[in-house]
Every structure is written in C-alpha cells, then in structure tokens.
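Read through the structure below, which is laid out as structure tokens, and then see the notes.
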Amino acid sequence: MTVKFYKYQGTGNDFVIVDNRQNVFDKNDTKRIKFLCDRRFGIGADGLILLENDNTSDFKMVYYNADGNESTMCGNGGRCIVAFAEFLGIFKNTTTFNAIDGMHTAKIEDNLVYLQMKDVDTIQRFSTHHFLDTGSPHHVQFVEDLKTFNVKAEGEKIRYGAPYNQAGSNVNFVEKINQNTFAVRTYERGVEDETLSCGTGVTAVAIAMYDSGESTSNTINLNVEGGQLKVSFDKVGNTYKNVMLIGPATQVFKGEIEC
Ligand SMILES: N[C@@H](CCC[C@H](N)C(=O)O)C(=O)O
C-alpha cells in the first residue's frame with residue numbers, strides 16, 4: 001500500500017496527516033499506524049490524524065497516538081488539521097469539525113489557529129495536583145526546577161500508577177513564571193514519553209491555574225518546550241466555556257510511503 005501523507009507540527013507536537021476523504025486508509029491496522037509514526041523506521045510523529053468527510057460539519061478528525069491506537073482529543077492535532085483543511089480549500093474563514101469529543105469551531109488569524117475546546121465542568125482537586133478532562137485526561141502538578149525535572153521517569157510513574165493505571169492519564173508538570181504565564185512540560189499517554197507540547201494539556205493547566213487561584217486572568221500564556229501557546233476561557237457558574245486554544249500550526253513536508 002502507498003500512503004500519501006502530510007507532516008504538520010504545532011509547537012513541536014508533530015503529526016502525520018492523511019486525507020482520507022476517499023476512505024483509502026485501513027483504520028484498524030494498528031501496526032501500520034505505529035510504523036508510520038516510528039521515528040527510525042517510519043516517517044516519525046507523536047500521532048497520526050485522518051481527515052474524513054462528515055455529514056454535519058466541514059470534516060471529521062480521527063486521532064491515533066504514536067502507539068497506533070485511536071485515542072481521545074488532541075488539541076495540537078486539532079490545530080494542525082484545521083491548518084490542513086484550510087490548505088485543502090475546505091474552508092476559508094471559520095470552520096466546524098467533528099472529533100471524538102464533539103464539535104469544534106476554529107479560525108485562522110495572523111497565522112495562528114484558534115481552536116475552541118470542549119466546556120469543562122468537572123475538576124478534581126487534590127493537595128498535590130488537579131485532574132481534569134479537556135478532551136483528554138490530564139493530571140496537573142506543580143514542580144520545582146521544571147527545566148531539570150525528569151519528566152519521562154516521573155510522568156511514567158504517575159501515568160501507570162493508581163488511580164489511572166492501564167487506561168492512564170497524560171501528566172503535566174508546571175512552574176509559575178508570573179500571574180498569567182506558566183511553563184509546562186508534558187508526559188503523553190500513547191507516546192509514552194515527553195512531547196514538546198500538548199494542547200489539551202496546556203488547556204488543562206490554564207483552567208487548573210485559574211481554578212486554584214494561581215492566576216486571576218482568563219487569558220493564560222503557556223511556555224512549552226516547542227514554543228508558546230495561549231488559552232482563554234469564560235467561567236460561567238461552575239463551567240469553563242468558550243475555551244480557546246491558540247497557537248501556530250505548520251506544514252513541514254509531504255510525501256508518500258510504501259507500507
Ligand atoms: N498531543 C495531544 C494529546 C493527544 C492525546 C493523548 N496522547 C492521549 O492519549 O490522551 C494534544 O495536543 O492535546
């Protein structure tokens with residue numbers, strides 16, 4: 001089989017994207033998806049995304065982690081597929097697309113993708129961390145000296161430990177820079193390593209920081225290893241609404257691969 005693909009990155013979280021509007025891609029071939037994401041034997045990516053037709057919106061996003069398994073929402077992947085859909089001429093100004101966690105609206109302005117994320121009304125607060133679902137599950141924890149922190153080793157322990165166990169959680173380690181800026185490093189489930197950025201992760205961090213009173217701003221800057229993201233939201237009652245993930249998304253190269 002020959003697969004035509006595009007490679008995108010959003011603040012260093014990188015994806016193989018395939019235009020599957022003709023249903024040419026075998027979605028159940030976990031081994032092939034894992035191979036395509038392999039950095040030594042394949043193309044190399046944190047995940048693979050299919051762009052498909054959808055009856056009720058401009059397109060559908062189907063997301064797989066680098067381990068080959070379909071997973072929950074990917075925020076950076078969402079921003080990248082919006083840039084890809086614009087490149088394909090699917091929309092001009094604003095778009096609506098279907099993903100595993102429901103409908104998303106998005107726009108591109110000044111080379112930044114604005115992606116509306118799902119509302120968040122449930123936040124679990126613990127003395128050491130927060131846990132919340134922003135489309136994907138996220139553990140959010142403050143650490144000291146984030147720069148030298150062993151994200152892979154410590155993230156792995158939390159991801160596989162109780163209460164998350166095999167189903168797992170993504171794990172975000174955070175350091176406060178100022179009132180509305182936080183540095184974040186994320187261990188990603190399904191990649192089973194640190195990635196350079198995680199969109200649903202920084203969204204979880206921004207909401208957790210506001211929720212815990214660490215920030216009083218509803219627009220929060222997130223410094224990740226691969227660049228800078230912004231998250232804004234409105235708190236209405238106990239629900240975070242109009243949650244917007246904002247940042248760049250770039251096409252890196254395209255090609256075809258035998259697999
Ligand atoms: N990179 C993503 C998150 C992708 C899903 C995650 N690995 C999971 O399985 O929960 C993002 O940008 O949000």
Side-chain angles (χ1 to χ4, degrees), residues 7-17 30 33-34 36-37 39 44-50 61-84 97 99-102 104 106 112-118 120 130-140 151-152 155-156 158-160 163-174 184-208 220 222-231 233 240 243-250 252:
K7 179 78 192 290
Y8 273 76
Q9 62 88 9
T11 48
N13 204 189
D14 60 341
F15 308 98
V16 170
I17 305 189
T30 307
I33 296 168
K34 189 175 176 185
L36 292 170
C37 293
R39 297 197 184 277
D46 294 325
L48 180 142
I49 305 170
L50 300 178
M61 167 183 177
V62 184
Y63 176 75
Y64 301 85
N65 277 322
D67 65 4
N69 295 307
E70 188 175 352
S71 195
T72 45
M73 182 56 185
C74 177
N76 287 329
R79 293 189 305 99
C80 286
I81 203 169
V82 166
F84 183 52
F97 68 95
I100 194 155
D101 62 341
H104 291 262
L112 294 177
V113 180
Y114 291 66
L115 173 65
Q116 182 164 11
M117 307 296 283
K118 67 174 242 181
V120 175
H130 277 62
F131 177 79
L132 60 160
D133 194 312
T134 52
S136 280
H138 285 279
H139 175 111
V140 175
V151 170
K152 175 147 164 67
E156 197 167 55
I158 295 168
R159 179 259 188 262
Y160 284 106
Y164 309 125
N165 304 319
Q166 196 51 39
S169 173
N170 301 284
V171 185
N172 303 274
F173 297 107
V174 186
V184 184
R185 290 176 64 194
T186 304
Y187 176 98
E188 262 194 58
R189 170 182 81 159
V191 181
E192 305 312 341
D193 206 344
E194 178 178 7
T195 57
L196 295 183
S197 171
C198 179
T200 49
V202 297
T203 304
V205 170
I207 291 174
I220 295 184
L222 293 312
N223 297 346
V224 296
E225 295 295 289
Q228 261 126 35
L229 289 162
K230 214 180 261 280
V231 173
F233 47 79
Y240 290 85
V243 181
M244 202 64 80
L245 170 65
I246 305 157
T250 309
V252 186

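Given the structure is predicted, the values throughout are model-derived calculations rather than measurements. Counting convention: from 1, in listed order, for ligands and their atoms alike.
Around ligand 1, the residues contributing at least one heavy atom under 4.0 Å from the ligand are Asn13, Tyr63, Asn65, Ser71, Thr72, Met73, Cys74, Gly75, Asn76, Ser136, Asn170, Glu188, Arg189, Cys198, Gly199, Thr200.
When ring centroids are compared, His104 and Phe97 come within the 6.0 Å threshold.
Looking at Asn13, Asn172, Asn170 one by one, the single match for side-chain hydrogen bond (donor to acceptor under 3.5 Å, both in side chains) with Thr186 turns out to be Asn172.
In this structure, the salt bridge (charged side-chain N to carboxylate O under 4.0 Å, His left out) partners of Asp14, at least two apart in sequence or on a different chain, are Lys7, Arg39. Contacts of Ile33 classified as side-chain contact (heavy atoms from CB on, under 4.5 Å), with partners at least two apart in sequence or in another chain: Phe25, Leu48, Tyr64. Scanning for side-chain contact (heavy atoms from CB on, under 4.5 Å) contacts around Lys230 gives Thr219, Asn221, Ile246, with sequence neighbours left out.
Side-chain N or O atoms of Glu188 include none that pairs as donor or acceptor with a backbone N or O of Val191 at under 3.5 Å.
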